[in-house]
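Data block below; observations after.
The figures that follow rest on heavy atoms only: side chains count, while hydrogens, waters and symmetry mates do not. Every chain is numbered from 1 and lettered A, B, ... according to where its sequence line falls, protein lines coming before strand lines.
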Amino acid sequence: MPDRLSQLFVRTLREDPADAEVRSHKLLVRAGYIRRAAPGIFTWLPLGLKVRRRIEKIIRDEMANAGAQEVFFPALLPKEPYELSGRWKTYGDGIFRLTDRKGADYLLAPTHEEMFTLLVKDLYSSYKDLPLTIYQIQDKYRDEARPRAGLLRGREFSMKDAYSFDIDDAGLDSSYQKQRDAYERIFQRLGIEYVIVNADNGLMGGAKSEEFLHPTPVGEDLFVRTDSYAANVEAFVTTGLAEIDASSTPAAAVHPSPNTPTIETLVDFANANWARDDRKWTAADTLKNVVLKLTHPDESTELVVVAVPGDREADLKRIEVAFAPAEVATAEAEDFKNYPELTVGYIGPWSESGQFLGEKHPAKIRYFADPRVVNGSAWITGANVHGHHAINVVAGRDFTPDGYIEAAEILAGDQAPDGSGPVEIARGMEIGHVFQLGRFFADVLGLQVLDQNGKLVTVTMGSYGIGVTRLLAILAEENNDEKGLIWPKNVAPYDVQIVAAGKDDSILDAALALAGDLESAGFDVLVDDRAVSPGVKFADAEIIGVPSIVIVGRRAGEQIAEFWNRGTGERKEVHFSEVAALI
RNA sequence: CGGGGCGUAGCUCAGCUUGGUAGAGCGCGCGCUUUGGGAGCGUGAAGUCGCAGGUUCAAAUCCUGUCGCCCCGACCA
């Protein structure tokens, strides 16, 4: 029997919910697909579940094509595996923790690397068992500091996570490639635009890491791209900077510089008082020294100073990557108390007696610089004396950083590392992530197998995730108009929605008969059999977004219906027998 | 965690400045009419005004505290 709208558990809303901001969130709630249960946590109604199942179907298809087998882990897990991997701690407030009646600690899994690793360890012990790729589609839990945008960033979300297990790096490369290919097919089948970008490997080390980003203004990640290069800004590597010949640069000198609290005022002051012959000073001539507080995994803290050219902001995300696994925060007044060497507002690598910042220099504070601070570059920077700046402070001559890290923000127009020219910057939402974990989890959890020589070797792993409910939200975000949702055919909750438009019983009978025929022909059919005015039915059909709508009305007696393409808006009268071919 | 906004009927909101009978639209029930674009008329049910304390003869409204939600930022394998 086709589903009848009069019986379907759904209620459409005429107005946008007050707590929704992004389009997908508003429409999914208004059209009766989901309901909010708690911040970032949603209840799924029949329509929403149907779409979700259809997305999962496509993912399962492609996982099967890629030779991956489905398993299913609990969402509620004991803490021990996570203690072994260290993530019970490193996840911090990001996981939901709970305690059973005996006082034992549990967590709602944010992701399942440990469990997959232990399962394979449990069952397999020979190289002959490998390679293996297994996956699950399971709800994940993360206690996000701020859930937002409905399904796009929830605290409970469905994710397909796959893991590959190989004996050697070549095997890992091959398993990785299979999943990567599968991801491309999945996103293509779903009609979701994506870019593959190089990503940061995070805490777990490993070799390759690539993110599938969907370019969208509601995205949370920034990425850069050219025709041939794409990377998350976190993974962008600055290259192609040549050393500068500083042999004619005058010696560094300290000058008073009152009332220059910002880069802008400093540049103005420099041009007014230290004018140079060849050109004006610009922000790019100043060196900004940012004081950061590192919190190491053992909870110890340390202040470090990071230098970036004054015309760029320091990018904390990029810096975080460089200092991982330490956590990075900007230093606050409190933190400076223990560091009287630091003259806030006038911090610099050099003072009149020579290099000042750096592990082996008077301040004993580690000093790092962005690669743009090339040897020979000359800077206006703090002189470590209140109210004074130094000019012509030359990198490599007057100071040498303890190390170089990617610290400055990336700007549109920067050169791509592969030489393909200036990059553009865009916003994207992560929809998939493939990456080579390597042996991190296998090491800490002891996943080893015997190789051909009878020797124990540690297995190498890959991890491959796709956010299922996030994909659904993105599909809703991309496929709609002012009237409502417009689902792509392969994920729509129904193939066709039949609207019985007219009060005569014969119209409803004809609609039901047509529905029965279409269902027999293999279509998933929804019939609007309600005793409401046609306007209501049309409006609901539009917001629900089934791509093919068939109106059975005035000419039902002649077996004539109107076929309505929700996407194009095109409507035309056709004989009942022709409907199937149009769906 | 920092900044901003908001909690009044199932939903979207008004009322609060200036204290005095708790409202509208939509939705929901019933009756009649209507049936190709959220239809009409009549009638009805529905609210501890987030919570707690205080001021007052009297608090949705003023004061204090507290909880929650949304947005921006920080954060986000």
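B:C76 atom C1' lies 11 Å from atom CE of A:M429, rounded to whole Å. Rounded to whole angstrom, the span from the OH atom of A:Y141 across to the P atom of B:A77 amounts to 19 Å. Regarding A:F157, its CZ atom lies at a distance of 10 Å from the P atom of B:A77, rounded to whole Å. In this structure, the CD atom of A:E21 is 14 Å from the P atom of B:U12, given to the nearest Å. One can place CG of A:L316 at 12 Å from C1' of B:G73, the figure rounded to the nearest angstrom. Distance, A:R11 CZ to B:C26 P: 17 Å, rounded to whole Å. Atom CG in A:D504 sits roughly 15 Å away from atom C1' in B:U34 (whole-Å rounding). Here B:C70 presents its C1' atom at 16 Å from CG of A:L152, a figure rounded to the nearest Å.
Residues meeting the side chain to side chain contact (heavy atoms under 4.5 Å, CB included) test with A:P74, sequence neighbours left out: A:L77.
When Watson-Crick and G-U wobble pairs are counted only if both distances are under 3.5 Å, B:A39 pairs with B:U33. Partner assigned to B:G27 is none, using Watson-Crick or G-U wobble distances below 3.5 angstrom. Taking a pair to require two hydrogen-bonding distances under 3.5 Å in either a Watson-Crick or a G-U wobble arrangement, B:G73 pairs with B:C1. Base pairing of B:A22: no nucleotide in any strand meets the Watson-Crick or G-U wobble criterion (both distances under 3.5 Å). For B:U66, the paired base is B:G50 (Watson-Crick or G-U wobble, both distances below 3.5 Å).
The cationic atom of A:R35 (NZ for Lys, CZ for Arg) does not lie both less than 6.0 Å from the six-membered ring centre of A:W44 and within 45° of the ring axis. Geometrically, A:R571 engages A:F538 in a cation-pi contact, judged by NZ or CZ lying under 6.0 Å from the ring centre and within 45° of the ring axis.
Among the protein residues, A:A109 comes within range of no part of the nucleic acid, since none of its heavy atoms lies under 4.0 Å from any strand. Counting any heavy atom pair closer than 4.0 Å across all strands shown, A:V532 reaches a base atom. Contact annotation for A:G553: base contact, defined as any heavy-atom pair under 4.0 Å involving a base atom. Backbone-only contact: A:R36 has heavy atoms under 4.0 Å from sugar-phosphate atoms and none from a base. Counting any heavy atom pair closer than 4.0 Å across all strands shown, A:E542 reaches a base atom. Counting any heavy atom pair closer than 4.0 Å across all strands shown, A:P110 reaches no nucleic acid atom.
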Would you tabulate the nitrogen or oxygen pairs shorter than 3.5 Å linking the protein to nucleotides 38-45 of chain B?
{"unit_1": "B:G38", "atom_1": "O2'", "unit_2": "A:R14", "atom_2": "NH1", "d": "2.7"}
{"unit_1": "B:G38", "atom_1": "O2'", "unit_2": "A:R14", "atom_2": "NH2", "d": "2.5"}
{"unit_1": "B:G38", "atom_1": "N2", "unit_2": "A:D540", "atom_2": "OD1", "d": "3.1"}

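You'll find that the side chain of A:R148 is closest to B:C75, out of B:C75, B:U35, B:C11. Set against B:G36, B:C13, B:C70, the side chain of A:E562 has B:G36 as its closest nucleotide.
Applying the 4.0 Å criterion to OP1 and OP2 of B:G36, one finds that A:R555 has every side-chain N and O outside that range. Considering only side-chain N and O atoms, A:R146 lies under 4.0 angstrom from the phosphate OP1 or OP2 of B:C71.
For the C1' atom pair drawn from B:C72 and B:A45, the interatomic distance equals 42 Å after rounding to whole Å. Comparing the P positions of B:C76 and B:C62 gives an interatomic distance of 41 Å, to the nearest angstrom. Between B:G50 and B:C69, the two C1' atoms lie 10 Å apart (nearest whole Å). The gap from the C1' atom of B:G15 to that of B:C49 amounts to 10 Å, rounded to the nearest Å. When the C1' atom is compared between B:C30 and B:C70, the two are found 39 Å apart, to the nearest whole Å. Atom P of B:C6 sits at a distance of 14 Å from the matching atom of B:C16, rounded to the whole Å. Taking atom P in both B:A60 and B:U17, the straight-line distance is 12 Å, to the nearest Å. Rounded to whole Å, the P atom of B:C75 lies 47 Å from the corresponding atom of B:C28.
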Using the rule given for side-chain contact (heavy atoms from CB on, under 4.5 Å), can you reason through A:F441 versus A:L447, listing the C-alpha separation, both sets of side-chain angles and the distance that settles it, and then say yes or no? CA-CA 8 Å; A:F441 286 96; A:L447 172 57; over 6 Å; no
Begin with the C-alpha distance, continue with both residues' side-chain angles, and end with the deciding distance and a verdict on ring-ring contact (aromatic ring centres under 6.0 Å, His included) for A:H25 and A:F42. CA-CA 11 Å; A:H25 188 190; A:F42 293 88; 5.5 Å; yes
As a quick check of understanding, evaluate side-chain contact (heavy atoms from CB on, under 4.5 Å) for A:V499 and A:V552, giving each step before the final call. CA-CA 6 Å; A:V499 173; A:V552 176; over 6 Å; no
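Side chain A:R142 to base B:A77: a donor-acceptor pair is found below 3.5 Å.
Projected onto RNA chain B by closest heavy-atom contact, A:A38 and A:P17 fall at different nucleotides, the more 5' of which corresponds to A:P17. Taking the nucleotide of RNA chain B with the nearest heavy atom to each of A:M159 and A:D16, the more 5' of the two is matched to A:D16.
The closest side-chain heavy-atom distance from A:W564 to A:I551 is below 4.5 Å.
For A:F212 and A:F187, the ring centers sit closer than 6.0 Å to each other. Side-chain rings of A:Y135 and A:F116 stay apart, their centers remaining 6.0 Å or farther from each other.
Under the 4.0 Å criterion applied to side-chain N and carboxylate O atoms, A:D370 and A:R312 are not assigned as salt-bridge partners.
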